[in-house]
Number of protein chains: 2
Amino acid sequence: MILDAARARFAKEGYAGATIRKIAGDAGVDAALVMQFFGSKDELFGAVMSITPNALSHFSDSFVGPEHSLGERVTRAFFEVWEGDPEDSEPLMAMLRAAISNEQATSLLREFIQARLAKALIGRLPNDHAATIRAGVASSMLVGLIVGRRIVKVPALVGEDTESLIGIIAPAVQAILSGEDDT
Amino acid sequence: MILDAARARFAKEGYAGATIRKIAGDAGVDAALVMQFFGSKDELFGAVMSITPNALSHFSDSFVGPEHSLGERVTRAFFEVWEGDPEDSEPLMAMLRAAISNEQATSLLREFIQARLAKALIGRLPNDHAATIRAGVASSMLVGLIVGRRIVKVPALVGEDTESLIGIIAPAVQAILSGEDDT
DNA sequence: TAACGAACTCAACTTGCGTTGAGTTAATTG
DNA sequence: CAATTAACTCAACGCAAGTTGAGTTCGTTA
């Protein structure tokens, strides 16, 4: 399937690195066919980028439960999606990689962090300005960990299993979401 | 100056996006001259990427002081460097942007997070395995905030002034560095 | 079985890139 | 002033990319 090949390539090599010819090759097909189906590389990319319903519900579910363990549930859900089924994580990875070099991807990732994650959170927390900001901060921090672990491959993060990381990160996420600050 | 133009372009547009022709144009010079000076695009990029001594000492200094405000000092130093003098922040931005698509940049950023930041931290904390990991986690989280604020431009982060963000983030960084976890 | 349309290939075009080598200006120095 | 070197431009190469249009296979349907 062309879409599968495209998703994997965009996730691994970013927007510029993934060429139509390579994607077509992976799918055992001529590059011109990809063009006929999707019109352009941009449109193919748009078709690939998405947040799967499964990933979304995973995030949403994590907000249900006692507040004292909110940070841990959110952190765990985040890792489960980003390091779980490629079907769910590859579109996210494609967005993240491409967001650095492609404007279209940037706005999609922006919408993901802001609208989706924040909206899911706001139902569970005071729906005010501060909650939105805290949601944005927590999301960006968690994305930063994915960047470190999966893209930059910081040894300290790569060599650690998910549970240990969650043990370290969860309290920090909790601190942000529950709003114990200095101001 | 060619190096100034290159630094700005790499920081704004990443490795692939910044072309030799555009850099040469910014510097009011022919592309061929850039080649004669630096040999190749890779070497030009290598000449641009760096952590300035000023940025480094900024980070180091932030570890000096009482432990209960360590998180706040580190967070503040981080923002001061990344949002301060372009002379210091642009090479970092160039590294970060390029790290997604260029292998050479990936290892440089890896070294930055691991060797430099972590090493500076380890002098101040128990020099064990756990401290290295905590340093990696904190660094990646902070980088994630830069990604959100400066690259993806998440509205919640862009619209907030630095001090408010530090107030939210510092306790989380403190939680990670001081080691109050769940395990 | 004939015909139609979808799925697909082939060869080529265009553009922009990094890069090169030969040539030109400008500055330095003996 | 002559000459050597450094700073620089020009025109072009080769390549890989996205894209195109004409042609081909092939399964479905009348």
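Just so it is clear: chains get the letters A, B, ... in the order the sequence lines come, proteins before strands, and each one is counted from 1.
Between B:Phe10 and B:Phe45, the angle of the ring planes goes over 60°, which puts this pair in the perpendicular group of the 30/60° scheme.
Among the candidates B:Thr75, B:Ile166, B:Val137, the single residue satisfying the side chain to side chain contact (heavy atoms under 4.5 Å, CB included) test with B:Val173 is B:Thr75.
Here the side chain of B:Asp161 pairs a donor or acceptor atom with the backbone of B:Ser164 at under 3.5 angstrom. Here the side chain of A:Ser139 pairs a donor or acceptor atom with the backbone of A:Ala135 at under 3.5 angstrom.
Summarising the geometry, the separation between OH on A:Tyr15 and C1' on D:dA17 is reported as 11 Å, rounded to the nearest angstrom.
For DNA chain C, the residues of residues 30-38 of chain B within the heavy-atom distance limit of 4.0 Å (strictly under) are B:Ala32, B:Met35, B:Gln36, sorted by number.
First and last contacts of DNA chain C with chain B, using any nucleotide atom under 4.0 Å from a protein heavy atom and ordered 5' to 3', fall at C:dC17 to C:dA22.
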Without placing hydrogens or testing angles, list every side-chain donor-acceptor pair under 3.5 Å for residues 25-35 of chain B, not counting sequence neighbours.
| unit_1 | atom_1 | unit_2 | atom_2 | d |
| --- | --- | --- | --- | --- |
| B:Asp26 | OD1 | B:Arg9 | NH2 | 3.1 |
| B:Asp26 | OD2 | B:Arg9 | NE | 2.5 |
| B:Asp26 | OD2 | B:Arg9 | NH2 | 3.3 |
| B:Asp30 | OD1 | B:Ala32 | N | 2.8 |

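In this view, A:Arg73 and A:Ser69 satisfy the side-chain hydrogen bond (donor to acceptor under 3.5 Å, both in side chains) rule, not counting sequence neighbours. Under the salt bridge (Lys or Arg N to Asp or Glu O under 4.0 Å) criterion, B:Arg149 pairs with B:Glu83, not counting sequence neighbours. In terms of the side-chain hydrogen bond (donor to acceptor under 3.5 Å, both in side chains) criterion, B:Glu87 has no residue partners (sequence neighbours excluded).
In terms of position along DNA chain D, the nucleotide closest to B:Arg21 lies nearer the 5' end than the nucleotide closest to the other residue of the pair B:Arg21 and A:Ser40.
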